[in-house]
Amino acid sequence: MKECWVTEPLHFEMRETEIPEPKDNEVQIKMMAAGVCGSDIHIYKGENPNSRYPLIPGHENVGLVTKVGADCKNIKVGDHVVIDYVIRCGECYQCKHGRGNVCEHVLVRGSGTNGGWREYWCVEEPYVYKIDDSIPWKDAALIEPLTIGEHSTSRAGVCEDDVVFILGTGTIGTIIAQACKLKGAKTVICCDISDSSLERSKQFGADYTVNSKTQDIVAEVQKITNGHGCTVAFDSACFPGSLTMIMQPGIVCNAGRVVPMGFCTVPEKITQQMINGRELTICGTRMSLNQWVPTAQKMAEGKYHMEGLATTFVKFSEIEKVFDNIVHPDPAVKKTVILFDGAED
Ligand SMILES: [Zn+2]
Ligand SMILES: [Zn+2]
């Protein structure tokens, strides 16, 4: 079988190895599809401080179970599965208080330890979840980013009365828009600097769009919301100054919630007044918690608009195209899914 290794920043190689045998508590999975995420791009460029090298990347992984270890109880040969990449200890304060995604000893497959860009993978059974066979592999690879939308909107407590502002209409921004709509949010306003990206966001749930390059964001939000402002704002753009931008008066209303997404390290210009003058809640969010099964279920029920969410499909045997696109990005490529042999059947 073949594995894809990033040996050091900007270098990858394909290695040939034996198909691994599952231990008693593991299942052997023939990988079928894997998403390429922004964090994979940072890993390849050497911009992810949590990544080790050499590394098999990949945290958006789905596949077909080909063998199960003697102690496995729930997963069976032939099951279609998604793999949880958040390895937690189960013993620490966070794990015991239902916050295992930020376990004190958290280890993340695809950055801190090897991920799923390989043809076969053995994973401990508790981290493997069965998904409905009816979900096409190319869609199943997007369960992971959809869990991010479900988790971040649940951190913010998005519900019916909400008027949501989303900065950034990349994959995560459009996924958050969908998650908000599914939770019944009254209005979703998407903001970006690209008109074509804003236009695209409408098929994923945007009711209104604002171009921050050509329009005054505060004035537009005030107009759309009849002067009330938004109740929740997500910063899925995450660039230096983006959090300050969405926290300026006039975007989020009193008692609103603000959700920073991503890990920009440049200090922002945020004051206590900006938070306490409106008694805002700042909701941190990282990866996801308990979202794999419900998200896969919603996908099987056709609740998500999948068409066009992934823009690009690459065969695992041609994975160099994924790395080429990191070095020479094509703006039309928003989300790539790697397909393994048999994924299109
Ligand atoms: Zn991801
Ligand atoms: Zn823990």
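First listed ligand is number 1; within each ligand, the first listed atom is number 1.
Less than 6.0 angstrom separates the ring centroid of His80 from the ring centroid of Trp137. Ring-centre distance between Phe323 and Tyr44: below the 6.0 Å cut-off.
Each of Lys30, Lys130, Lys67 was compared with Asp79 under the salt bridge (Lys or Arg N to Asp or Glu O under 4.0 Å) criterion, and only Lys130 meets it. Results of the side chain to side chain donor-acceptor pair (under 3.5 Å) test with Asp162 over Thr231, Thr153, Thr187 single out Thr231 as the only residue that passes.
Within a radius of less than 2.8 Å around the Zn ion (ligand 1), the protein N, O or S atoms are Cys37 SG, His59 NE2, Glu60 OE2, Glu144 OE1.
Under the 4.5 Å side-chain contact rule for hydrophobic residues, Val337 and Ile326 do not share a cluster.
Other residues, nucleotides and ligands contribute at most 12 non-hydrogen atoms within 6.0 Å of the CD atom of Glu18.
Take the Zn ion (ligand 2) and draw a sphere of radius 2.8 Å; the protein N/O/S atoms inside it number 4.
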Should Glu124 and Arg109 be marked as a salt bridge (charged side-chain N to carboxylate O under 4.0 Å, His left out) after you check the CA-CA gap, both sets of side-chain angles, and the distance that decides it?
-> CA-CA 12 Å; Glu124 306 84 339; Arg109 296 182 215 272; 3.3 Å; yes
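When every heavy atom of Met274 is checked against every heavy atom of Leu280, the shortest pair comes out as O-CD1, 3.4 Å.
With a 6.0 Å cutoff to the six-membered ring centre and a 45° limit on the axis angle, Arg118 does not count as a cation-pi contact of Phe316.
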